[in-house]
Amino acid sequence: MQTYRILLTVVGLAVVSLTAGAQTKETPAQFEKRVKWWREAKFGMFIHWGVYAVPADSSKGAGEWYMNNFQMQVKDYEKFAPQFNPVKFDAKKWVQAAKNAGMKYIVITSKHHDGFDMFDSKVSDYTIVKATPFKRDPMKELSAECKRQGLKFCFYHSIMDWHHPDYLPRRPWEKGVRPAAGADYDRYVAYMKAQLKELITQYDPAALWFDGEWEETWTHERAVDLYAYLKALKPSLIINNRIDKGRQGMQGMNAEDKFLGDYGTPEQEIPPQGFPDNRLWETCMTLNNTWGYARNDHNWKSSESLIHMVSDIASKGGNYLLNVGPTELGEFTPETLDRLNAIGAWMKVNSPAIYGTTKSPFKKLPFNGRCTVKGNSLFVHVFQWPSGTIALPGLKTKVLSAKALDGGEALTVQARTDSVTISKPKKIDPVATVLELKLAGPPEVEPVVSFVRANPDGTYILSAADAEVQGGTARVEEKNGIVNIGYWTSEKDTVAWTLDVPKAGNYTVYLDYACAPESAGSTFTVQIESALNGVGGKVESTGGWTQFTGLTLDGTLSLPAGHQTLRLVPLSMPNGAVMNLRSMLLKPAP
Ligand code: H79
């Protein structure tokens with residue numbers, strides 16, 4: 001036993017951190033030490049600021065994409081620089097606003113896709129210091145101010161660059177105006193490396209947030225080289241996964257471990273169920289529609305939904321990087337400040353339930369709310385108080401005490417056979433009331449099976465959100481507000497629901513699904529585990545991965561009475577994916 005344990009320790013030490021990418025010779029313990037502040041921070045401020053704040057127009061898409069959206073020539077876009085004079089810029093105010101909102105770090109655009117440098121670069125003339133009447137270096141001021149106020153300071157840096165003469169490919173509308181002949185991408189990469197060295201040596205960033213990595217000129221090999229270069233300059237740097245080519249679209253996570261990056265970067269979306277392991281990820285999101293300031297963008301998220309997202313993301317083990325787009329004068333808009341203040345007021349009381357926490361031990365809660373964990377404390381974030389007490393199903397660890405974070409009122413705890421209930425505090429926050437439960441140890445939760453019950457008309461609705469997904473690829477995702485089971489790229493993965501069937505009966509089975517033409521052709525069966533009977537089907541193209549269509553399966557499925565597990569099992573997958581499944585419907589057969 002003793003020898004065995006030692007052996008395991010040695011093997012454990014030799015493991016190369018997968019999250020950190022296969023190229024880094026770092027033990028898991030070294031990795032955890034390096035990313036500790038980031039893992040615990042939970043909440044940061046993203047800042048998109050550049051000369052696009054001068055036109056400040058999102059009528060054709062994101063404000064910071066102005067040059068692209070209006071298909072501008074480089075020479076024409078350059079005219080915004082002399083008009084950019086953010087005289088109201090005050091680093092102290094910005095950092096104070098972030099800190100008051102409860103944010104622990106700032107990630108700001110040193111350079112966006114438009115190629116304009118918001119820092120003092122020696123290797124470019126297209127900078128805020130050299131090309132604008134402002135002439136100051138706001139990054140120097142912000143870096144110093146973050147040190148003073150105790151926030152981590154980090155850079156967003158775009159690999160894609162629409163301005164540099166050596167960057168390739170050219171935009172389609174530059175043909176004839178700006179020929180690619182003579183451009184040298186290697187020289188562009190050398191320029192980018194020189195700038196990144198300036199950023200590291202002049203401003204000491206704690207993390208680098210790359211973007212614009214998707215064009216074909218940027219390769220995995222170049223990423224490996226850049227990663228090594230940056231880590232040699234500053235070993236403690238934390239670097240996002242957009243340095244490499246592993247990101248799978250806007251869901252933001254890496255496809256395989258061979259790709260670099262310390263953390264995944266979901267953009268404008270929150271993974272519906274988090275992840276089974278403790279990998280690092282950060283959802284970045286805008287306050288309105290666009291990242292860069294846009295005068296005509298009034299689609300602001302409510303403070304309530306922003307606070308819910310802080311809580312939701314923490315409950316799934318991620319960080320929240322919330323964006324602000326300062327104006328051309330260098331100020332946060334009043335709409336921005338209102339929201340930061342509201343979040344800050346909530347954080348002042350409830351931040352112990354956010355900072356340093358890990359994800360919820362519950363798969364599902366029977367009320368509208370979330371949970372987070374820190375040591376032996378379980379935090380219950382109640383968005384909407386149900387009638388009576390709240391119940392925590394399957395919580396096995398003894399609850400020693402419970403209190404409301406706001407005011408500290410002691411609450412009544414009752415242990416029942418399969419759940420623990422907590423009484424309602426007098427003081428309720430209509431946005432989210434947070435309770436702290438002190439437990440006898442770290443929370444242990446026994447998974448509670450939740451049964452799908454028939455509607456009054458006898459139909460069963462089996463939604464993606466309620467599904468039990470088994471396997472390594474398929475998982476619940478949310479796209480454009482549609483929750484479905486996606487990423488289903490292994491025929492070994494299955495999806496199941498447990499039904500409460502009071503009386504045996506025959507049912508017609510419907511699927512609401514989507515499948516792109518190139519992946520169509522998979523076959524599957526929908527079966528009842530206890531009865532070994534099922535109905536089959538074949539996945540036809542619906543036109544695309546987000547075009548959902550109904551499909552009626554041939555035959556009927558007989559459901560025996562009792563608790564029945566219904567499972568969708570792929571039989572063949574000739575074209576790389578099964579389907580996106582939104583829901584299934586069982587209707588009593590006539
Ligand atoms: O800086 C903000 C945006 O300007 C920038 N990222 C945030 C943080 C951004 N750039 N592009 N987009 C957002 C959307 C672009 C999406 C696509 Fe793609 C690029 C679609 C196809 C190429 C991402 C990469 C999704 C698939 C591959």
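We number each residue from 1, following the sequence as shown. Each ligand, and each atom within it, is numbered from 1 in the order the structure gives.
Salt bridge absent: K93 and E141 never bring a charged side-chain N and a carboxylate O closer than 4.0 Å. The pair E328-R295 counts as a salt bridge, with a side-chain nitrogen and a carboxylate oxygen less than 4.0 angstrom apart. Salt-bridge check for D493 with R475: failed, with every basic side-chain N at 4.0 Å or more from each acidic carboxylate O. A salt bridge links E32 with R39: at least one charged nitrogen is closer than 4.0 Å to a carboxylate oxygen.
Closest to atom 27 (C) of ligand 1, if we only count protein heavy atoms, is W214 CB, 4.3 Å. Protein heavy atom in closest approach to atom 10 (N) of ligand 1: W65 CZ2, 3.1 Å. Taking atom 9 (C) of ligand 1 as the reference point, the nearest protein heavy-atom neighbour is E267 OE2, 3.7 Å. Residue, atom and distance of the protein heavy atom nearest to atom 2 (C) of ligand 1 are H48 NE2, 3.3 Å. Nearest non-hydrogen protein atom to atom 14 (C) of ligand 1 is M250 CE, 4.0 Å. Nearest protein heavy-atom neighbour of atom 26 (C) of ligand 1: G249 CA, 3.8 Å. Looking at atom 4 (O) of ligand 1, its nearest protein heavy atom turns out to be E64 OE2, 2.5 Å. Scanning all protein heavy atoms for the shortest distance to atom 5 (C) of ligand 1 gives D211 OD2, 3.2 Å.
For atom 23 (C) of ligand 1, a protein non-hydrogen atom is found at a distance below 4.0 Å. At least one protein heavy atom sits closer than 4.0 Å to atom 19 (C) of ligand 1.
Ring geometry, Y156 versus H112: the interplanar angle falls under 30°, so the pair is classed parallel (tilted spans 30 to 60°). Note: H164 and Y191 have tilted aromatic rings, judged against thresholds of 30 and 60 degrees for the angle between ring planes. A perpendicular orientation is assigned to the rings of Y203 and F155, their planes being inclined by more than 60° (bins at 30° and 60°). Ring geometry, Y188 versus Y185: the interplanar angle falls from 30° to 60°, so the pair is classed tilted.
A donor-acceptor contact closer than 3.5 angstrom is absent between the side chains of D120 and Q202.
Residue contacts with ligand 1 include R247, since one or more of its heavy atoms lies under 4.0 Å from the ligand. The closest approach between any non-hydrogen atom of Q248 and ligand 1 is not below 4.0 Å. Under a 4.0 angstrom heavy-atom cut-off, A62 registers as lying outside contact with ligand 1.
Annotation for ligand 1: atoms under 4.0 Å from non-hydrogen atoms of Y156 are 1 (O).
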